[in-house]
Structures are given as C-alpha cells and as structure tokens.
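The next block holds one structure in the form of structure tokens; read it before the comments.
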Amino acid sequence: MSLAAGQDELRIDHPLAALWRRYRAYRVRFIAAVIASVVNKVADVVPELLIGAAVDVVIRGQNSWAADVLGVESRYAQLAWLAAINVIVWMIESGSEYVAAVLWRGLAQGVQHDLRVEAYDHAQHLDLTWHESRAAGATVATLNDDVNQLERLLDVGLPSILQTTLNVILVGAVFAASSLTLLIVAFLPIPLIVLGSLVFQRRLEPLYARVRQAVADLSGALSANLAGVSTIKAFTAEDRERGRIEGYSSAYREANVRAIRSSAAFVPLVRMAILAGFTCTLLIGGWSVLDGELEVGLYTVLVFMTQRLLWPLTDIAEVLDLYQRGRASTARILELLAVPITVHAGTRAVPRPVRGGLELRGVRAGYGDGPDVLHGVDLVIPAGQTHAIVGATGSGKSTLLRLLLRFDDPRSGEVLLDGIDVRDLDWDSLRGSMGYVAQDVYMFAGTIAENIAYGRPDASQEQIIGAARDAAAMEFIDALPDGLDTWVGERGVTLSGGQRQRLALARALLRDPAVVVLRDLREPSAWSAGTATTRRRARWTTRPRQPSSVRSAWPPLSARRWWWPIGSPRSGTPIASGCSTRASCVKPAPTTSSWRAMAPMPRCGACR
C-alpha cells in the first residue's frame, strides 16, 4: 500500500490479495466453491472419455478398454454400462454445477454487501473536510458502481478463471497419458495465449483505471447538477450544463472505447492460436491412427479434447476484461477504506443531567494546510443562556460551530462541554446533548413525522406533535392533506424554506438537548419560533433547566439576549458591537486581537 501521487487517498498495490486478507470469514465458502467447481469440471470431462470408450467398443469389441475394465464381453452390455455411467456422471455434473453456482453467487453477494456497508460506514465516519473536498458523486460511484463490478468479478470472473485453469490441467493429463507428441502439439499455442494475456493485462490495467475515474467524474457531475437543478433553471444554464455533462459522458465513452478496442484485439489472436493447435492435432493424430500408433477411440477423444482445451480460451479476453474492471474497482473501494479517520470518539460520558455550559480556551482552528481561521479564541457560554455569533463572511462563525459539534478538532486549545474536553467525550454524550439546525436544512425522503423523529426514532406521536408545536410548525402541518404523514420528497423539495427550517428546529428540540446550535437560521419566523421555544421548553421538559442556545448569523439581532462579534479574517478585530435588542443600534467596535466576551449591553434610548 502506497500513497498515490498527487492524491490524498491511498493506492492499493494488490487489491485482491488485500481483499482476501480482509474477509477471512468467507474463506470457507470460497474453498467450498472451488471444490464444487473442481468436481463439476471433472464430471464435465468424463463424457468425452466415455464417447471415446464407446467408439473403442464398436471397433474392437471384446478387446476394448471397457471390456478389460468392466469384465464384460458383449458389446451391447459394454455400451449399456457406459450409458449408465454417463447418466451418473451427468447427474453429478448437474448437482455440482448447482452447488458451485449457489456458493459463488452467495460469496459474491455476501462480500459485496459487507464491503458496501463497511465502506459506507467508514465514509460517514470520515471528517466533514474530507467529504467537502471530494465530489459526492465519486463516493457514490465507489459505493455503488465499483462494488457492483467486484460482485461481477466474484460471480462470473473468478469461476471462469478457475474453470479454464482446471480445463487445461485435466485435458493436459489426458493428452499426457495418450501421446506426448500430441500433448506438445496441442499445448503449443497455450504459452503464446498466456503471454499475450499478460501483455494485454498490463495494457488494460491503466485503461480501466481511467474508465473508473471517468465514471466517478460523470456521477459527480450528474449528482451535483440534479441537486442544483433550481439554480440551473434560475440562471437559464440548461444548455451549458447539458454541454458539460456531454463532455463528461464523452470522456467516459472514450475511456471505454479505448479499453474495449484493446481487449477486442486479443480475440482474433487467440483464434489463430486455436486454429493452429486444432489443425496439428487433427493431422498428426490422424496420421498416428493410420500408422497403427494410436487407437481410433483415443483419437476421437483427443480431437474432442483439443476443442475443449482451446476453444474456452476465446473467452479469455472477456474474463480478462472482468478481472481488470473488478481489480480496479476493488482498489478504489479499499482506497476509500484506507482513508484514516481523523476525528475519533472519546470514551468519557458527561455527567447527567447535562447542564450545557460551553467554553473555548485558546482555540486555534483552520482547514487543511491553510492559515488559521480562528486565532486564540477564549469564550464562555454559561448553561441556559442564548448567544449569537455574528461577523463578516469568512470570519469563522461556521468554524466555531463545527468545533462545538466536533465535526473538526482545533489545531490547539480546548473546547469544553460542562468542563470536559469534547475530544474525551463519546458521541452520545457530545452530539446526543446537542440539537443542531444546519444552514442548509436537509430533509430525508419520508413523512414529516419521520423527519422530525430522525434524531429520536422511539419518540411517541405526542412527543413529535409537542416538538412541532414548540417549533411553530403545527400550523402548516395541520393544513397539509395528510398532516404528519405527509410525504416529504428528497431534500424536502416539496416544502418551502421556512417550513424546512421549522421542521429542522422541531427535529432538534425533540431530542430535549442541553445545547441548541443554530447555524445561519435566516428565516425570521423560524428564528422567532426558536427563541420562544427556549423559554417554553423550561416548562415543557421535566428537567429543571433551559437549554443553552448558540447561533451563528448576521444581523438582524432582534430577539437575541447575548451576541458576540467575531474578528475580521484579516485583522482579527470585531466587526461591531451594539444594543442587544435592536439591529439598527450598531456602533464600531473597539479593536482587539482576539474574540472578546461582551457583557449584556444596556438598551439605548430608542430601545427603551
């Protein structure tokens, strides 16, 4: 395993070997599938030997090979025995083929299921910065298309490779027992075919890597455009976006065409090699029969065996194609799994009941290798109070909220919840104590009730209604034809922006959080409902407390109790300070090198 040049991900040098080591639980099933395939291939070869034995009985009679083995002189009896053996062999072949198919397909389904679930679970535990730096379509392509390619390799590719290998071994044994000359003649094309396969494999490997990258780019562009279709329509960019998608699709098509052109060129070469081997067996074997050096029955077997030996090799290009696609896809999946998780859950639990006090001590934070966004932040938010963080675009408001929820860790300093470093807390204690309303509210495909209860699936209908009422959402919910059972489309496209924000607020409040985190909640009605809720929740909940509330926003500042200015990203100075109740009462802030905790300011004359 090594780092890929110019990429943040890891490159897996031997993906199939890594997959074998990773999924030890499937080794028994794999071995059983191999055994069933061996039995099936042996039974598949026997009927051709029986044909040769039957020809030998007809020609030689009492001196035939079957008469010596079975101890039967009558030709009729010998043929009857051969027919009975043939029936048994066919039954074994049919049964073993069924068992092998079930085992191989079960193996493919099991591995693809476990790998997809494992890769998804790993992806959702990766930090947000990784997701934000990678196209969502690329991750979807890995979890879907690449896993499907691996499934096809395990279901079709590996059994075909095994069958071809067994075929060469068994047929070679028959030729070796019959005639060394014909063995050499029949097998002479095989080294050329194998050598050509290796050459083509090396040539196809980078081509299929480009195919997988092209499909990832295409999936990413399609996913992004479908998510932003309203913006495309608003800016009449349909033609431009069609051209862009056409470009990605053309790149995918061209990558596939180059790979197909290379793999298709291999089939005619294999056919020429097969023709040479079959012709030599036909001629040299026939001459040996005429010279009395080879029995007619055995000659018949070898002619059939030559076909069996060489003709399946015409599919080697398709098998090689499956192998290369599956290998490239497996590498991409394992590369995703090799991305390290940088934000790990702690092991401590915050003492109950959670009070909700928050504190930042000397916090520095930034993204990737970029400069600091937050510079030595010190901030105390006592439990039960409502605070707003305001500042210019890019000043670090969202960064601070990400630290509170521990979507990222600070470069230095501490973020504390009830006096405990959040890095020491398990996820249930940290995020389970917080209600989060994102800037871009996300609704899942499902009913309104299911979306509200997302963070608390065991909530009763009464609790869901209570949370919706506290978020001032019941008025519009009751107006819908199906009420709480109304179906919400993916991303909540059937709802207005304000309705989505109210449902998101209800979803956060249903968890009965100690801290409510609101990120750029710009809908005035939703914010008003939220501030009223923080007062009503003290009566609604059974706990004698009121949740802390932290909001990242730009004015208006109405209905806010406390607000903190955040420094300019360039100068590190606060933007402004002003009255805690009126947005119009704003005056320049004094210069400071870091964040400054401001006491509640008295109301101005216009506010009294």
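Predicted model only: the values in this text are computed from it and were never measured. Just the heavy atoms: all of them, side chains too, but no hydrogens, waters or symmetry mates, feed the values below.
- Between His344 and Ile341, the closest side-chain pair of non-hydrogen atoms falls below 4.5 Å.
- With values rounded to the nearest 0.5 angstrom, Ile448 atom CD1 is found 12.0 Å from Arg507 atom CZ.
- Counting only N and O atoms by type, the side chains of Glu241 and Asn225 include a donor and acceptor under 3.5 Å apart.
- For the pair Arg152 and Asp155, the salt-bridge criterion is not met [side-chain N within less than 4.0 Å of a carboxylate O].
- Among all heavy-atom pairs drawn from Arg325 and Gln149, the shortest one is CB-OE1, 3.5 Å.
- A 4.5 Å side-chain heavy-atom check between His131 and Gln124 finds every atom pair outside the cut-off.
- Tyr23 and Glu118 form a side-chain donor-acceptor contact under 3.5 Å, judged by distance and modelled atom types alone.
- You'll find the side chain of Ile85 stays beyond 4.5 Å of the side chain of Trp90, heavy atoms only.
- The shortest heavy-atom contact between Leu16 and Thr330 is CD2-OG1, 4.0 Å.
- For the pair Pro159 and Leu154, the tightest heavy-atom approach, listed with the atom from each and the gap, is CD-O, 3.4 Å.
- For Glu238 and Arg242, the salt-bridge test fails: no basic side-chain N is under 4.0 Å from an acidic carboxylate O.
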* **Candidate pair Arg431 and Asp428, rule salt bridge (charged side-chain N to carboxylate O under 4.0 Å, His left out), full reasoning** => CA-CA 6 Å; Arg431 294 173 184 169; Asp428 287 337; over 6 Å; no

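- Side-chain contact, Thr342 with Asp127: a donor N or O sits under 3.5 Å from an acceptor N or O.
- Taken from CG in Leu170 to CZ in Phe175, the straight-line distance is 13.0 Å, to the nearest 0.5 Å.
- Under the 3.5 Å distance criterion, the side-chain polar atoms of His122 are left unmatched by any main-chain donor or acceptor of Val117.
- Interatomic distance, NZ of Lys41 versus CD1 of Ile169, reported as 11.5 Å (0.5 Å rounding).
- The CD atom of Glu293 sits 12.5 Å away from the CH2 atom of Trp287 when rounded to the nearest 0.5 Å.
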